[in-house]
Protein chains: 2
Amino acid sequence: MARGRSSSGRPTIRDVAERAQVSVATVSRILSGSYTAPPETQERVMKAVEALDYVVNANARSLNARSGLVAVVVNDITSPFFMNVASGVEEQAMADGRVCIVCSTQGVPERELSVIELLRARGVEAVILVGGMAEGEQHLGQLAAAAEALDRAGARMVLCGRSWAGPDAPIDVVESDVEGGAFAATNHLLSAGHTRVAHLAGPHEFSVARQRLHGYERALRAYGIEPDPALIASSDMTRETGYAAARTLLTGTDATAVFCANDMSAAGAVAAARDLGRSVPDDVSVVGFDDIPLAEDVYPGLTTVHVPQQELGRSATRLALHRRAGDPPRRHVMLGSHIVVRQSVAPPARLSGKGTP
Amino acid sequence: MARGRSSSGRPTIRDVAERAQVSVATVSRILSGSYTAPPETQERVMKAVEALDYVVNANARSLNARSGLVAVVVNDITSPFFMNVASGVEEQAMADGRVCIVCSTQGVPERELSVIELLRARGVEAVILVGGMAEGEQHLGQLAAAAEALDRAGARMVLCGRSWAGPDAPIDVVESDVEGGAFAATNHLLSAGHTRVAHLAGPHEFSVARQRLHGYERALRAYGIEPDPALIASSDMTRETGYAAARTLLTGTDATAVFCANDMSAAGAVAAARDLGRSVPDDVSVVGFDDIPLAEDVYPGLTTVHVPQQELGRSATRLALHRRAGDPPRRHVMLGSHIVVRQSVAPPARLSGKGTP
DNA sequence: CCCGTCACTGTAAACGTTTCCATGAACGTT
DNA sequence: AACGTTCATGGAAACGTTTACAGTGACGGG
């Protein structure tokens, strides 16, 4: 039952019109709610729609009207940080009457461009780029070109939780104060009495990783300590590589504290410490970054820098969607971040030994 | 630079044709790679495409050709379990030359239907439904209708990691052996010597939650123990509700072990135990379900039932995409699950006291 | 009684593709 | 020399909508 008149496939607006004994124009008008038809006709059309189980062909519609699509592009669909930001985008998009879809580059930086192109082909109204590691000279150029192309098509692209590595950003950017957060985190360790504070850095090509490194170094210097390259290891911000890097850091150096580039690698560092028979926080203190839900479940609870993930997403979406005539072409939003104290930090063993009577 | 000839918006195929001095048909043919044009023309067209920064309008294309879109629908975009399954879908979809998008119902069960409708409107080729709590009589009926409508449009819908609650499924289903897993998990606790094994169940409307409950009860009975309703609490499988439910379970009963409906609520249970001053596993044993990455980071490492999340997604996608003429209309794939032993289970305190000399 | 207004509806032209069919040229076969 | 084949191309008809424009009656004011 409920088959359309057309030879095959979905019923079309013509089938509905035929069945309801009106013209396609009338059906279109009623369905898009663009005006008030007399209840009698309205009903006839609705009945036909019901009977045929008709849905508009959104692709055909997009030929004339706006698509109503907002897309989030993430590097890895399983990363809690990215997906928390994405859920913020989703929320705001829905509030603005749009539909949100999530696409992934599957960890391949170059794919970022092809995904954007694909979205442009689909006529999305906004592309929110969250995270993303590829920040080479050439890639940035192509990104700028892609943004311009989107612009021409009436769509907006905004960088979210990631900063533009070049001189001035050709697109909107929403980020949190990463360097300030890193400074605060390192400072937290220093003021607990640590002097040998290591940093488990992220990939150097990644601007937010560099910012964390800078914040770390700045905090050390503010304490009169010159950063020691031996205390800086590098991971790609996953649990596994964090584990490995932390392990060498803890065995090869006299570090009593580690500031990690993100919570994921911090979880790896905690596991590494445990496997080496070092207690956290008694033998070694650990601080993370991001404040993903995991941070609360790791034992001991991870002291970390809170990044307002949902708000990052919401804000980026607002920027993309709410554009008024007078707005400056490029906008930049900087959200604050603050430290969340849990149980993974304590004074260094020697000091705490000295400190107690 | 690089502006199209049209008044505004993106350049069209006509602009390209004009610039390359060929017909639109030729351009279309060359771009879709449907035949081999002489290199000279080929080059002219490519140059024009480049110069105008042209991308096809995928919506217009979808009017005639297939869309190449595969969609995953999840309940909550921030759930690790769902997103791991989704990444499996993504992988397989890409392998089959399709593009994968993720949509969320944002925790609102009814929204599932509207999202499916929206996807139908976009002409997707496959809809993979992962998770999803709404399984009322009426909802299932509507789901079946939606599946039929998709079918008519030449698209496939498959249920993934979730079973059809009614008599026989009107659509393809891929699931893991949930009841068997629950049986094994409970059995693991029983054979460690526990007799007061509690169950932190999921919502009863949710078929996979019911299956876990059944497996739990079956294991108890196999040990000659009649399930005690007092030992069964309920959460909605989040960390927070798991925490609350576990807390009442641990204070109000003499349970020495808890089998949790999923790892998330198990993490809550572990936290509750800790906050009550009960050590895991010495005072209380905990077993989870799913084996999400978190299970490894919780302390102590969570003994849990491994569900092949990626494979679930891959398999569902294959089912949707690889359909041959002779295939039965409805298929059902059941993947195995097995227990992963970590550190959250030990013999009950009394027994272990008795057991040692 | 005429005419402007109004509410409702239909016709047809976009929108940007793909693809069927036709055309003409070059070329090897009989 | 007449003829099929192949190749490269163009014209035009779909695909399923939306929407500008035009048309129909009905109605009420002059």
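Each chain gets a letter, A, B and so on, in the order its sequence line appears, and its residues count up from 1.
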In whole angstroms, how far is the C1' atom of C:dG16 from the CG atom of B:L52?
-> 15 Å

Separation of atom CD in A:Q42 from atom C1' in C:dA7, rounded to whole Å | 14 Å

Salt-bridge contact A:D53-B:R120 (side-chain N to carboxylate O under 4.0 Å) = yes

Indicate yes or no: does B:E91 engage B:R314 in a salt bridge with an N to O separation below 4.0 Å.
-> yes

Is atom CD of A:E43 surrounded by more than 12 heavy atoms (other residues, nucleotides or ligands) closer than 6.0 Å?
-> no

Enumerate, in order of first residue number, the stems that involve DNA chain C, defined as 3 or more consecutive Watson-Crick or G-U wobble pairs with both distances under 3.5 Å.
-> C:1-30 with D:1-30

Below 3.5 Å, can you tabulate the donor-acceptor pairs from side chains in residues 22-30 of chain B to any protein atom, sequence neighbours excluded?
residue : atom : partner : partner atom : Å
B:S23   : OG   : B:A25   : N            : 3.4
B:S23   : OG   : B:T26   : N            : 3.3
B:S23   : OG   : B:T26   : OG1          : 3.2

What string of B, S and - do you get for nucleotides 6-13 of chain D 5' to 3' if you count protein non-hydrogen atoms under 4.0 Å?
-> --SBBB--

Are side-chain heavy atoms of A:R10 and B:R152 found at a separation under 4.5 Å?
-> no

Just jot down the salt bridge (Lys or Arg N to Asp or Glu O under 4.0 Å) partners of A:R44, sequence neighbours excluded, or say none.
-> A:E40

Those residues that, when tested against B:R14, pass salt bridge (Lys or Arg N to Asp or Glu O under 4.0 Å) (two or more places apart) | none

Which residues within residues 54-69 of chain A lie with some heavy atom under 4.0 Å of an atom in DNA chain C?
-> A:L63, A:N64

Considering only NZ, NE, NH1 and NH2 on the basic side and carboxylate oxygens on the acidic side, decide whether A:E125 and A:R156 come within less than 4.0 Å.
-> no

With the threshold set at 4.0 Å, does a side-chain nitrogen-carboxylate oxygen contact exist between B:D172 and B:R162?
-> no

Roughly how many Å is it from CZ in B:R122 to C1' in D:dC15, rounded to a whole number?
-> 16 Å

Using a strict 4.0 Å threshold on nitrogen-to-oxygen distance, state whether A:E311 and A:R318 make a salt bridge.
-> yes

Specify the separation, in whole Å, of atom CD1 of B:I13 and atom P of C:dG16.
-> 11 Å

